J.: 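I have a structure here, written as structure tokens, and I will follow up with some questions on it.
Each chain gets a letter, A, B and so on, in the order its sequence line appears, and its residues count up from 1. Note that the structure is predicted; figures quoted are calculated from it, not measured.
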Amino acid sequence: MVPLPRLPRVAVCGGTHGNELSGVYLVRELLKLQREVMKKEQEEDSKPALVLLVLSNPRAMQHCRRYVDTDLNRCFTHATLNGPFSDMAPYEIIRSRELNALLGPKGSPEAVDLVCDLHNTTANMGLCFIGYSDCDWICLHIFRHLQREMPDTPMRFLHFDVSNKESYSLDSLGKHGFAMEIGPQPHGVVRSNIYTAMKVGVQHMLDWVRLFNSGNVFEGGFVDVFTMVKHIDYPRDSETRNITAAIHPCLQDRDFCLLHPEDPLFQTFSGETVRYKGTEPLYPFFINECAYYEKGIALSLARKRRITIPAIRVQTEQEQQANEQGFASEEEE
Amino acid sequence: MSSYNNTARFSEARRVAIFGGTHGNEMSGVTLVNLWTKNGTEIQRKGVEAVPFITNPKAVEKCTRYVDTDLNRAFTPENLSAPGGNDLPYEVLRAQEINRIFGPKGSPEAYDVIFDLHNTTSNMGCTLILESSKDHFNLQMMNYIKKAMAPASCLVLMNEHPLLKYSTSRSVAKHPVGLEVGPQPQGVLRSNIFEAMRVILKHALDFIELFNEGVEFPPCTVEVFRVLEWIDYPRDANGNIIAMVHPNLQDCDWEPLNPGDPMFQTFDGKTIHYQGSGTVYPTFINEAAYYEKQQAFITTRRETLVASAIIKA
């Protein structure tokens with residue numbers, strides 16, 4: 001049993017990419033309903049969590065584009081957040097600092113306890129949690145809760161093994177954080193089934209936080225985690241750098257179906273098959289994500305492993321005080 | 001064109017253009033035109049000069065639909081004759097340039113046929129777009145393509161509505177043909193969609209080659225879907241969208257929509273029903289580019305057009 005600090009402040013962010021519309025419309029809708037949500041919490045006499053609702057990139061949303069100057073979801077490294085200030089900085093860097101002031105500062109005790117950043121993908125990935133850690137029990141328990149509450153929704157936990165120092169996405173602002181990525185949906189489109197899945201997922205997450213803060217014990221168990229291993233780019237023309245092949249029809253839409261050595265990867269425009277030359281079978285994801293063409297990624301590959309998660313509950317007030325005194329002593333030393 | 005024993009005669013269709021990138025993020029056309037510009041063997045036919053052409057290079061470079069204004073709405077008489085040089089929006093300048101090269105629109109010098117390649121986020125499959133019910137050459141071509149593709153589906157959308165018709169890139173030609181293949185997200189190249197478009201063009205060029213050789217195409221009937229009206233999303237007083245295409249309607253392009261059927265779903269889960277007076281066939285359901293044009297989908301009705309026999313003059 002692992003006691004963990006309370007989560008009094010939760011942020012739900014949409015529109016980090018301005019053309020990923022489920023999050024945009026969901027956060028707008030939640031802003032409308034915010035009063036009712038907080039009232040319900042008081043009625044149920046549960047310890048309310050403060051839910052911050054944020055539209056991360058309003059200018060990109062206005063133009064229904066992923067970003068205006070640069071990808072906002074790469075602007076949250078410590079270096080970018082604390083670098084030299086300039087009026088001429090790209091819009092998204094100015095914005096990342098504003099968001100850091102609102103939800104962070106990153107790495108400090110004032111940071112919000114949990115950030116859930118809402119995204120869509122053109123890839124057939126179902127619902128994915130994307131996080132930097134494979135041992136953040138809060139995120140892993142929330143994931144398991146959603147799996148149980150939404151058994152008809154294909155759901156995976158994706159782990160990018162990036163250190164805290166190098167973490168670059170908006171969800172890294174919180175003490176805990178993850179991106180909720182749902183596809184397939186074209187950018188600039190709202191599909192009702194995708195919107196509904198996101199709405200239900202966010203609701204279950206907030207329910208979990210409420211239960212956790214109220215003292216609920218969450219039993220241990222196991223979670224399958226997909227850890228990113230590498231990316232594969234499209235075959236490109238050596239001069240123009242234009243792509244010379246498309247994702248092979250046998251691979252298209254087959255995210256998380258095991259890819260074996262020699263399986264088809266691409267089909268060139270002259271009809272040849274380019275095969276996977278790796279030696280290890282791996283799980284493909286972000287297959288044919290629109291925004292990744294410019295990043296040189298046709299698909300990503302992951303290893304799957306089963307990890308055991310411990311039982312957890314919220315710290316008692318005594319445990320919390322002991323924890324804080326512990327920190328204070330460390331600082332004095 | 002002159003009639004003789006009800007056979008319509010058309011001059012040889014020698015000058016043919018294939019437009020890609022009219023919308024810079026619709027990737028099948030961009031890719032095919034770039035491919036054929038590099039190596040045009042696939043589009044060569046006896047007696048046909050087939051020219052592949054990127055209509056909106058700046059939009060293609062930025063992988064965006066357009067830079068200043070939608071090129072596929074820009075070929076109005078006002079735009080084509082507008083003075084002003086470099087002060088004009090980029091796409092208006094492009095429209096004038098395209099009209100110079102492939103037109104002038106409405107004149108005897110205009111290209112015979114232009115194929116304009118498009119993708120849609122809607123589940124429309126392979127669709128041919130016809131601008132006039134009286135273009136027997138195009139009707140015969142579309143009939144040929146449909147038969148060649150069978151049993152795979154290739155439907156014909158006809159937009160002859162006086163108010164809803166718009167001035168397309170292809171309208172510069174004597175016989176404009178729109179190719180619309182979906183579903184494909186903007187900015188994405190899907191192999192199956194790309195190959196489908198390639199096959200449509202292959203059959204279209206085969207038809208033109210046969211026609212130019214003097215083959216007579218007997219009278220035929222062609223089923224088309226005639227555009228009736230555009231339906232917008234429900235909006236609040238500030239113009240914000242308050243509902244999405246209903247899950248029952250999403251992806252159901254070309255399937256009958258009856259009065260009382262679910263049409264939209266509000267963000268808090270309520271259903272809005274179709275209130276029309278009769279059954280319609282919706283298409284362009286949830287096309288990304290149409291949110292800003294206030295179009296959630298269009299309604300059509302099924303019609304059978306009769307094409308007279310055609311032969312080279």
J.: Quick check for you: to the nearest 0.5 Å, what is the distance between A:Asp253 atom CG and B:Arg190 atom CZ?
T.: 4.0 Å

J.: Which residues in residues 31-39 of chain B have a heavy atom less than 4.5 Å from any heavy atom of chain A?
T.: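 So the qualifying residues are B:Thr31, B:Leu35, B:Lys38.
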
J.: A:Val190 vs B:Tyr233, test: side chain to side chain contact (heavy atoms under 4.5 Å, CB included). Steps then yes/no.
T.: CA-CA 12 Å; A:Val190 177; B:Tyr233 292 95; over 6 Å; no

J.: At a heavy-atom separation under 4.5 Å, does A:Leu21 approach chain B through its side chain, its backbone, both, or neither?
T.: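 The side chain, not the backbone.
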
J.: Chain A: which of B:Tyr291, B:Phe194, B:Tyr290 shares the most heavy-atom pairs with it under 4.5 Å?
T.: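 Looking at each of B:Tyr291, B:Phe194, B:Tyr290 in turn, B:Tyr291 comes out on top.
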
J.: What part of A:Thr244 gets closer than 4.5 Å to chain B, counting heavy atoms only: side chain, backbone, both or neither?
T.: neither

J.: Under a 4.5 Å heavy-atom cut-off, does chain B meet the side chain of A:Arg65, its backbone, both or neither?
T.: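 For A:Arg65, side-chain heavy atoms alone lie under 4.5 Å from chain B.
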
J.: Which bit of A:Tyr293 comes within less than 4.5 Å of chain B, counting heavy atoms only: side chain, backbone, both or neither?
T.: side chain

J.: Does B:Arg73 have more than 12 heavy atoms from other residues, nucleotides or ligands lying within 6.0 Å of its CZ?
T.: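 Enclosed.
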
J.: Could you pull out the closest heavy-atom pair between B:Thr121 and A:Pro186, with the gap in Å?
T.: CG2-CB, 3.7 Å

J.: Taking non-hydrogen atoms and a cut-off under 4.5 angstrom, which of residues 236-249 of chain B neighbour chain A?
T.: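 Answer by number: B:Ile241, B:Met244, B:Val245, B:His246, B:Pro247.
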
J.: Any side-chain heavy atom of B:Val188 sitting closer than 4.5 Å to one from A:Cys290?
T.: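 Yes, their side chains come closer than 4.5 Å.
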
J.: Check whether more than 12 heavy atoms from other residues, nucleotides or ligands sit under 6.0 Å from atom NZ of A:Lys295, and answer yes or no.
T.: yes

J.: Go through the atoms of B:Glu292 and report whether side chain, backbone, both or neither lie under 4.5 Å from a heavy atom of chain A.
T.: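 Neither part; nothing is under 4.5 Å.
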
J.: Evaluate A:Gln267 against B:Ser191 for side-chain hydrogen bond (donor to acceptor under 3.5 Å, both in side chains), listing each step before the verdict.
T.: CA-CA 7 Å; A:Gln267 186 171 74; B:Ser191 182; 3.2 Å; yes

J.: Tell me, for A:Asn288 versus chain B, whether the close heavy atoms (under 4.5 Å) come from the side chain, the backbone, both or neither.
T.: both

J.: Checking B:Asp268 against A:Lys32 for the salt bridge (charged side-chain N to carboxylate O under 4.0 Å, His left out) test, could you report, in this order, the C-alpha distance in whole Å, the side-chain angles of both residues, the deciding distance, and whether it holds?
T.: CA-CA 11 Å; B:Asp268 54 2; A:Lys32 259 195 237 173; over 6 Å; no

J.: Any chance you could lay out the side chain to side chain contact (heavy atoms under 4.5 Å, CB included) test for B:Gln186 and A:Asn19, step after step, and finish with the verdict?
T.: CA-CA 11 Å; B:Gln186 295 169 343; A:Asn19 55 5; over 6 Å; no

J.: Once you measure the plane-to-plane angle for A:Tyr25 and B:Phe267, does it fall in the parallel (<30°), tilted (30-60°) or perpendicular (>60°) bin?
T.: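 The rings of A:Tyr25 and B:Phe267 lie parallel, inter-plane angle below 30°.
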
J.: Report which part of B:Asn286 has an atom under 4.5 Å of a heavy atom belonging to chain A: side chain, backbone, both, or neither.
T.: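 Interface part for B:Asn286: both.
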
